[in-house]
S.K.: 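Got a structure for you, written out below as structure tokens; questions coming shortly.
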Amino acid sequence: SNYPKKSTTSSPSFETSLLSFVCLCACPNNMLSSSPLSTIARAAWRGVHRSTYVRSAIVNTQQVRTYATKGSKAQQDTSSSSDKQITIELKNAYEVYKCEAPSSTVTTNKDELMKYFTLMTRIRRMETTADALYKQKLIRGFCHLYNGQEAIAAGIEASITPKDSIITAYRDHGLMVGRGSDPKGVLAELMMKATGCSKGKGGSMHMFDIPKKFWGGHGIVGAQGPLGAGIAFAEQYNNSGAVAFTFYGDGAANQGQIFEAYNMAALWKLPCIFVCENNQYAMGTSISRGSADQQYFTRAHFIPGIKVDGMNVLAVKEATKHVVDYVRSGKGPFVMEMNTYRFVGHSMSDPGTTYRTREEISAARAERDPIEKVKKYLLEYKLATEEELKEVEMAARKEMDDAVEFCKQSADPDVREMFTDVYRQPVSVRAVERTMSYSP
């Protein structure tokens, strides 16, 4: 590729290059001292690498046809459900552009399904809890929930490793928990507590977990696109073998900086996977009213793409594995479009019913809910009992109830925190006497 070759000089020269790269992509007026950008660039440069392992797969059967393998007695024996291997044929799960399609046949078992059911149930319960806390005025400001889109977080996590990176926009709670972050840190951040993942200073839209390689949480629409390309550049430069997932919505897909990131990623063959979460509405504007080209997976033109049933966790898992293998082999970036649907409004201030009908929402909940489909699948094939699934749901409820109590007991951020994490090196506050400064 034609990207700058690795220097033989010391690491600070690379840091300068990376910071310049991010700055040129996403920093108006080169204001690189702002906390999110400088944090992203420095952390991406340093790289926090963990031991490689593939996480447990998560499975959903939304819009798929299932059948037992011919001649398999184990599939007929309900007494050994944990060992049962179920073959699932995906139907109309993918559309591809400039690439081969993933396998339409997958095999799963009870353990896989239960892990996915558990993770998605925890995410849904956390978001339901956040909804209630917001209505109690314990959460203020913007709050964007992930209800209905859980299969994306679960399916992608099933096919990547801890060394891979994720960066997203402001609908970030579910993806962060999918990475393995503690919901206590998420809810505490929402409640503006010092125990929050961003010390209570970021709120719903600016959540980070650097050890988990979750790089935010960004409030500027589309700004995470070039930042994600910058993280991919760092991984390529350091020969880490990791890939960077850059999430954005169907509304942000119309941003110019997304196309600039496409171009740079393609030129340098960066290990970057662009993921468009198409939940059909950019705030209150439907994709038919806001996008002349609604085939988001083909928009990069020179980059291969795939459209995935984002409500089907099996499809998400298989497609992600297919794409990761392609990108990790050094062939360059990829675009994934996740066809999904949010059950709630754009944010807590949006009832979500002024630009779409209640019937549309009810139909989506009844026909496409990824959690209910997994639950139904587990029961129909006698892989689990109602009691087992109820235990998972009750455990998720208790986990979030305990998290709320933890948050209520947590302290508010100290006033001095207003002046930390702004610049890389502590500085005095302008117009304040040095002896009165809040500089740490």
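Remember, predicted model here, so these are calculated numbers, not experimental data. We number each residue from 1, following the sequence as shown.
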S.K.: Side chains of Ser181 and Asp209: any donor to acceptor distance under 3.5 Å?
M.R.: yes
S.K.: Do Ser159 and Thr320 have a side chain donor and acceptor closer than 3.5 Å?
M.R.: no
S.K.: May I ask you to check whether Phe208 and Phe214 place their ring centers less than 6.0 Å from one another?
M.R.: no
S.K.: Taking atom types as modelled, is there a side-chain donor on Glu127 or Asn147 under 3.5 Å from an acceptor on the other?
M.R.: no
S.K.: For Thr168 and Tyr248, which I'm curious about, is there any donor-acceptor pair between the side chains at under 3.5 Å?
M.R.: no
S.K.: Would you say the side chains of Asp131 and Thr128 form a donor-acceptor pair under 3.5 Å?
M.R.: no
S.K.: Can you confirm whether the side chains of Glu360 and Thr357 place a donor and an acceptor under 3.5 Å from each other?
M.R.: no
S.K.: Partners of Glu189 by side-chain contact (heavy atoms from CB on, under 4.5 Å), sequence neighbours excluded?
M.R.: Cys197, Ser198, Met207
S.K.: How far apart are the C-alpha atoms of Tyr355 and Asp350, what are their side-chain angles, what is the distance that settles it, and do they pass the side-chain hydrogen bond (donor to acceptor under 3.5 Å, both in side chains) test?
M.R.: CA-CA 10 Å; Tyr355 48 86; Asp350 169 27; 2.6 Å; yes
S.K.: With a 6.0 Å cut-off on the ring centroids, do Tyr326 and Phe334 count as close?
M.R.: yes
S.K.: Assess the pair His346 and Phe142: is the distance between their ring centroids shorter than 6.0 Å?
M.R.: no
S.K.: Using distance alone, with no hydrogens and no angle criterion, decide if Gln280 and Asp250 have a side-chain donor and acceptor under 3.5 Å apart.
M.R.: no
